[in-house]
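Have a look at this one before I ask anything.
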Amino acid sequence: MNKIMLKTSLRSTAALALAALSLSTAHAERSMPMAQPVPHNVPDAQDKPYPGVITLDIDASDTARGVYRVVETVPVAAGATRLTLQLPQWIPGHHSPSGTIDQLNDVRFFIDGKPVKWWRDPVEIFAFHIDLPAGTKEVVAKFVHTSPVAGGEGRISMTQEMLNLQWDRMSLYPAGHYTRQIKFKPTVTFPKGWEVATALDGKKVDGQKVTWDVIDYEALVDSPIFAGAYFKRFDLGRGVAMNAVADKAELLAIKPEHLDSYKALVEEAWATFGAQHFDHYDFLLALTDRMGGIGLEHHRSSENAMMPKSWTEWKEHDFARNVISHEYSHSWDGKFRRSAQLWTPDFREPMRDNLLWVYEGQTQFWGYVLAARSGIQSKEAILGAFASNAGMFTQWPGREWRSVEDTTFDPIISGRRPKPYASINRNEDYYVEGALMWLEVDQIIREGTKGAKGLDDFAKAFFGIKNGDWGEVTYDFAEVAKTLNGIYAYDWATFLDTHMNQPGQPVPLGGIEKGGYKLVWKDTPNPYDKGRFAAGKSLVLTHSLGVTIDREGKVTSTRWDSPAFNAALVTGVKILSVNGSAYGEDAMKAAITAAKGNDKPITLITQRGDKVSTINIDYHDGLRYPWLEKQGDAKSVAGLDLLLAPKRLAANAGGAKAKGK
């Protein structure tokens, strides 16, 4: 066959194959289902009373197994054909759908003592439906809440020494009603001899069983319980009490001068806000490393956990006591005043995490300020915290693409899970970058009014309204800007929008610098960082190599585009040696110091899986840790000094003077 005939034959064969493929494709089946309507079986909440009172009986005495056993009796309206009960999903203060439906087990429903069928909603899986026979008067629900017994299972809420009962984890509420319109009568059985603390009213004790007055479900969920075998209660004045449980009795010993700092906190908050949005308030504090850590705000109480020796080793734990002042500030900021998009009528409707840089950012600011003013933490620790936060943002490339407002969605996006590169992703930066922004607001007001006003005046005008009201008053962006303008005329709308809503902003140092300080770098950690690094048992080299390393030499985090990142020294890599010596914290710090000012790389031998490698890191700027350093005359009183100075003495003196007149 000649070449021309061969080409013709090949073309014909290809054409036939293409035709066959087209015919096959044309006749091939491709099934195409159509979308089915999504069922909506759970009724929306209406502002109408639920008929009757739901009784809730919880047995919390099984500390050996960490199990709460629940019996709940729900009255039913005459003629009702279906009851839908749901576990709270969106919990106030969590900023995410964090309900623990996975810990609700052995769920059964009964009518007239007989078990009845139920079905879980296929769309809203926190809801249980029960079809009701004619004449049904009440439904009894029985189930258990299985608290984690090991940290890997979730937050531990019960140990053999204490418990933290949160009603949203072990109670069901009827759909179709605002939670403030649903009445509950709560009863709990505790281990023998335990003391109990909560903001609930009408406490009655009968042996191990404790009951409280009827209360609406919104307020019940907002009134958790701490109880324990080792317990102390302290009166702090103005209707505020400190209720502490601990792993051991001796951990509850607190010196009078340290207890006085908590009393001072109550007075400082009054001096700052000028009102109280509670009839009484209970700090619930656990001094433990056995129960899970927590810091959660409520209107008339707060759930707090600190390290076991936070009271007995006061100076050593100076860095770590901010949770109390932070959560207390939330009674005003976050509970009483709340973004309109964050308020919801029940625990089913999604919260929209808008303006959390007010809710959490300003609370972070007041948590720092009130801690320093009261003496809960030293001024040096608070300056260190400001330095640590500001220093972090100098090494935070995620700020170039993601605004602070966008980080308010982070609780929903990531649920506080660890991230491969947090510095490019960002975290819930509305807390600390929000605090730094509010620091700048304070200093702008001080500068513009020649020291006559500050953010305290905004706090009184915004959070200090309606003294004694412990409901909720919502707000929006415009009201925040308007209230600021009422304190000091300025283009606050543009300022807030630029700093919080726009990415790519400069490092937030304005408040520090206007306050008479400067961010500087030293080769040792500031007091705040020193304490938290020791508690974390890690070598933190974020601002030098760009890594954090645990005690075994394993990298636990890497900063984006740092020397370590560029050398592929990433999370999970284990460092075996540094410059020819076995790895150790001192060896690593010595190597970084030795490389300063010369051109010799730091040589590491590392292991990643089964692979052992030699890594050379070209870094020569030494150890770097952020500090705040006062500018000008060290003896002068700068704006930041004035902010952190106690206010209660001046307020009390002013009140006494006015009374004398």
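If you're wondering where the values come from, they're calculated on a predicted model, not measured in any experiment.
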Please report the shortest heavy-atom distance between Ser388 and Asp529, naming the atom on each side.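 Closest heavy-atom pair between Ser388 and Asp529: OG-OD1, 3.0 Å.
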Pairing donors with acceptors under 3.5 angstrom, does anything connect the side chains of Asp633 and Ser636?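 No, no side-chain donor-acceptor contact under 3.5 Å.
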Report the C-alpha separation of Glu428 and Arg416 in whole Å, then their side-chain angles, then the decisive distance to 0.1 Å, and conclude whether the salt bridge (charged side-chain N to carboxylate O under 4.0 Å, His left out) test is met. CA-CA 9 Å; Glu428 297 175 40; Arg416 296 184 174 175; 2.7 Å; yes
Short question: side chain of Arg321, backbone of Gln377 - any donor-acceptor pair under 3.5 Å?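 The answer is no, because no donor-acceptor pair under 3.5 Å joins these two groups.
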Nearest 0.5 Å, what's the CD-CG distance between Glu195 and Asn243?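 The distance works out to 10.0 Å.
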About how many Å separate CG of Asp457 and CZ of Phe462, when rounded to the nearest 0.5 Å?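 Those atoms lie 15.0 Å apart.
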May I ask you to decide whether Arg300 forms a salt bridge with Asp201, counting only side-chain N to carboxylate O separations under 4.0 Å?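 Counted as a salt bridge, because a side-chain N and a carboxylate O are separated by less than 4.0 Å.
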Show, in sequence, the C-alpha distance, side-chain angles and deciding distance for Val404 and His499, and conclude whether the side chain to side chain contact (heavy atoms under 4.5 Å, CB included) test is met. CA-CA 8 Å; Val404 175; His499 284 69; over 6 Å; no
Lys/Arg N to Asp/Glu carboxylate O, Asp44 vs Arg348, below 4.0 Å: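 Counted as a salt bridge, because a side-chain N and a carboxylate O are separated by less than 4.0 Å.
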Which is it for Glu360 and His330 under the side chain to side chain donor-acceptor pair (under 3.5 Å) test, yes or no, and what are the steps along the way? CA-CA 8 Å; Glu360 295 288 5; His330 267 315; 2.9 Å; yes
Salt bridge (charged side-chain N to carboxylate O under 4.0 Å, His left out) partners of residues 369-383, not counting sequence neighbours, each pair once: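 The answer is Arg373-Asp456, Lys379-Asp641.
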CG-NZ distance between Leu509 and Lys514, expressed to the nearest 0.5 angstrom: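 Spacing of CG (Leu509) from NZ (Lys514) equals 12.0 Å.
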So, does Asp222 use its side chain to make a donor-acceptor pair with the main chain of His299 at under 3.5 Å?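 At least one qualifying donor-acceptor pair exists.
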So Ser171 and Tyr217, side chain to side chain donor-acceptor pair (under 3.5 Å) or not? Walk me through it. CA-CA 10 Å; Ser171 60; Tyr217 192 60; 2.7 Å; yes
Shortest non-hydrogen contact from Pro411 toward Asp353: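 For Pro411 versus Asp353, the nearest heavy atoms are CG-OD2, 4.1 Å.
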Do we get Lys203 above Trp212's six-membered ring, with its NZ or CZ under 6.0 Å from the centre and within 45° of the axis?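 Relative to the ring axis of Trp212, which defines the angle, Lys203 lies outside at least one limit.
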Within the side chain of Asn526, is there an N or O that forms a donor-acceptor pair under 3.5 Å with the backbone of Pro626?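 At least one qualifying donor-acceptor pair exists.
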At their closest point, which heavy atom of Val245 faces which heavy atom of Ala227, and how far apart are they?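 Taking Val245 first and Ala227 second, the nearest heavy atoms are CG1-C, 3.9 Å.
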With Trp311 as reference, evaluate Ile254, Leu251, Leu259 under the side chain to side chain contact (heavy atoms under 4.5 Å, CB included) test and give the passing residue.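 Answer after filtering Ile254, Leu251, Leu259: Ile254.
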Please step through ring pair (Phe, Tyr, Trp, His ring centres under 6.0 Å) for the pair Phe184 and Tyr173, ending with a clear verdict. CA-CA 9 Å; Phe184 272 73; Tyr173 70 101; 8.3 Å; no
Could you go step by step and tell me if Thr408 and Arg352 meet the side chain to side chain donor-acceptor pair (under 3.5 Å) rule? CA-CA 9 Å; Thr408 67; Arg352 291 163 288 168; over 6 Å; no
Are the ring centres of Phe336 and Phe463 closer than 6.0 Å?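 Phe336 vs Phe463: aromatic centres not under 6.0 Å.
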Looking at Thr288 and Met291, would you say the former's side chain and the latter's main chain have a donor-acceptor pair under 3.5 Å?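 Yes, Thr288 side chain to Met291 backbone: donor-acceptor pair under 3.5 Å.
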Over all heavy atoms of both residues, which pair between Thr312 and Ala253 is shortest? Give the atoms and the distance, please.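 Closest heavy-atom pair between Thr312 and Ala253: CG2-O, 3.6 Å.
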Look at atom NZ of Lys530 and say whether more than 12 heavy atoms of other residues, nucleotides or ligands are closer to it than 6.0 Å.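 Open: at most 12 neighbouring heavy atoms sit under 6.0 Å from NZ of Lys530.
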Run the side chain to side chain donor-acceptor pair (under 3.5 Å) test against Asp47 and tell me which residues pass, sequence neighbours left out.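 Partners of Asp47 by the side chain to side chain donor-acceptor pair (under 3.5 Å) criterion, ordered by chain and then number, come out as Arg180, Gln181.
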Could you walk me through whether Ser329 and Gln364 pass side chain to side chain contact (heavy atoms under 4.5 Å, CB included), step by step? CA-CA 9 Å; Ser329 299; Gln364 188 78 12; over 6 Å; no
Please step through salt bridge (charged side-chain N to carboxylate O under 4.0 Å, His left out) for the pair Asp333 and Arg337, ending with a clear verdict. CA-CA 5 Å; Asp333 182 2; Arg337 298 303 314 264; over 6 Å; no
Could you check whether any side-chain N or O of His298 sits under 3.5 Å from a backbone N or O of Ser223, counting only pairs where one atom can act as donor and the other as acceptor?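 A pair under 3.5 Å: no.
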Do you know which of Glu218, His277, Lys335 makes side chain to side chain contact (heavy atoms under 4.5 Å, CB included) with Glu472?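 So, applying the side chain to side chain contact (heavy atoms under 4.5 Å, CB included) to Glu472 and each of Glu218, His277, Lys335, only Glu218 qualifies.
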Look only at the side chain of Thr498 and the backbone of Phe495, and say whether a donor-acceptor pair between them is shorter than 3.5 Å.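 A pair under 3.5 Å: no.
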Treating Trp401 as the side-chain partner and Pro397 as the backbone partner, does any N or O pair qualify as donor plus acceptor under 3.5 Å?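 No: the side chain of Trp401 does not pair with the backbone of Pro397.
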For Lys647, is there any backbone N or O sitting under 3.5 Å from a side-chain donor or acceptor partner on Glu268?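 Between the backbone of Lys647 and the side chain of Glu268 there is a qualifying donor-acceptor contact (under 3.5 Å).
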Pick out which of Tyr359, Tyr431, Trp90 makes a ring-ring contact (aromatic ring centres under 6.0 Å, His included) with His95.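 Output: one option passes, namely Tyr359.
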Enter the distance from Thr179:OG1 to Glu349:CD here, rounded to the nearest 0.5 Å.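 Result: 11.0 Å between the selected atoms.
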Distance (rounded to the nearest 0.5 Å) between Met437 CE and Leu496 CG: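 Spacing of CE (Met437) from CG (Leu496) equals 5.0 Å.
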Keeping the roles fixed (side chain from Trp438, backbone from Trp357), state whether a donor-acceptor pair exists under 3.5 Å.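 Side chain of Trp438 to backbone of Trp357, a donor-acceptor pair under 3.5 Å: yes, one is there.
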Decide side chain to side chain donor-acceptor pair (under 3.5 Å) for Arg155 and Asn164; before the verdict, give the C-alpha distance in whole Å, the side-chain angles of both, and the deciding distance to 0.1 Å. CA-CA 10 Å; Arg155 179 178 176 266; Asn164 173 200; 2.8 Å; yes
Do you know which two heavy atoms are closest between Thr198 and Asp282, and how far apart they sit?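 Shortest heavy-atom contact: O-OD1, 3.7 Å.
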Under the 3.5 angstrom rule, does the side chain of Arg446 hit a backbone N or O of Ala452 as a donor-acceptor pair?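 It does not hold such a pair.
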Apply the ring-ring contact (aromatic ring centres under 6.0 Å, His included) test between Tyr328 and each candidate in Phe273, Trp270, Tyr262, Tyr281; give the one that qualifies.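 Passing option: Tyr281.
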Consider only side-chain N and O atoms of Asp318 and Ser378, and report whether a donor and an acceptor are under 3.5 Å apart.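 The criterion, which ignores hydrogens and geometry beyond distance, is satisfied for Ser378 and Asp318.
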In terms of side-chain heavy atoms, does Tyr625 have a donor or acceptor partner in Thr542 at a distance below 3.5 Å?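 Not at all, the side chains of Tyr625 and Thr542 share no donor-acceptor pair under 3.5 Å.
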Go through the steps for Leu200 and Leu220 under the test side chain to side chain contact (heavy atoms under 4.5 Å, CB included), then give the verdict. CA-CA 8 Å; Leu200 292 174; Leu220 178 68; 4.1 Å; yes
Non-hydrogen atoms of Gly367 and Ser325 that approach each other most closely: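 For Gly367 versus Ser325, the nearest heavy atoms are O-OG, 2.8 Å.
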Examine Tyr368 together with Phe386 and report whether their ring centres are nearer than 6.0 Å.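 Judged by ring-centre distance (under 6.0 Å), Tyr368 and Phe386 do meet the cut-off.
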Rounded to the nearest 0.5 Å, what separation is found between the CG atom of Asp491 and the CG atom of Asn485?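 Those atoms lie 7.5 Å apart.
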When you compare the side chains of Glu405 and Gln502, does any donor N or O come within less than 3.5 Å of an acceptor on the partner?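 Result is no, nothing qualifies.
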Just checking, is any N or O donor in the side chain of Trp396 or Asp429 under 3.5 Å from an acceptor N or O on the other one?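 Side chains of Trp396 and Asp429: pair found under 3.5 Å.
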